[in-house]
Amino acid sequence: YASGDEVGFEPLFPSGDLTGWVKEGDCGFSVRSGQLQCSGKGNYPTWLRSEETFENFILRFEFKLGLYGEGGVFLHAPS
């Protein structure tokens, strides 16, 4: 949730950038206006992971894929 306005919810990008996140691979991830964006540039595979471990959480998000876009959300995955 981008803004963190709701009680009990925290934004994933509170500083407006990728602080607290690690880019794996040569990827084009960025944060703009509180939204995670990916340019699609970079070599396969690429992904973004948090430095923090979360537990007992509710994840809410919206997504929009461009033409020929691929995406996924992994909730628990080894490095």
Side-chain angles (χ1 to χ4, degrees):
Y1 190 71
S3 68
D5 292 337
E6 291 188 54
V7 175
F9 283 86
E10 296 179 19
L12 293 175
F13 310 103
S15 60
D17 59 20
L18 291 174
T19 300
W21 294 84
V22 177
K23 294 179 183 182
E24 298 287 350
D26 179 28
C27 53
F29 288 106
S30 63
V31 176
R32 293 188 188 130
S33 301
Q35 297 178 0
L36 177 64
Q37 296 185 355
C38 182
S39 67
K41 296 180 180 176
N43 297 323
Y44 177 85
T46 61
W47 66 91
L48 190 65
R49 67 172 175 85
S50 70
E51 292 177 343
E52 187 176 347
T53 300
F54 298 93
E55 97 180 15
N56 298 326
F57 61 90
I58 297 171
L59 175 64
R60 294 190 322 189
F61 64 94
E62 294 180 18
F63 68 95
K64 179 180 178 182
L65 291 175
L67 187 62
Y68 307 113
E70 293 182 23
V73 175
F74 296 93
L75 298 180
H76 185 264
S79 295

Visitor: Less than 3.5 Å apart, which donor and acceptor atoms pair up between the side chains of residues 14-22 and the rest of the protein, not counting sequence neighbours?
Guide:
residue, atom, partner, partner atom, Å
Ser15, OG, Asp17, OD1, 2.5
Asp17, OD1, Thr19, N, 2.9
Asp17, OD1, Thr19, OG1, 2.6
Asp17, OD2, Thr19, OG1, 3.3
Trp21, NE1, Leu12, O, 3.0

Visitor: Nearest 0.5 Å please: distance from the NZ atom of Lys23 over to the OG atom of Ser30.
Guide: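 Those atoms lie 7.0 Å apart.
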
Visitor: Distance from Ser50 atom OG to Phe13 atom CZ, nearest 0.5 Å?
Guide: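 Result: 9.5 Å between the selected atoms.
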
Visitor: Sequence neighbours excluded, which residues qualify as side-chain contact (heavy atoms from CB on, under 4.5 Å) partners of Leu65?
Guide: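 If we apply the side-chain contact (heavy atoms from CB on, under 4.5 Å) test to Leu65, skipping adjacent residues, the hits are Phe63.
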
Visitor: Just wondering, do Val73 and Phe61 contact through their side chains at under 4.5 Å, heavy atoms?
Guide: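 A side-chain contact exists here, since the closest heavy-atom pair is under 4.5 Å.
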
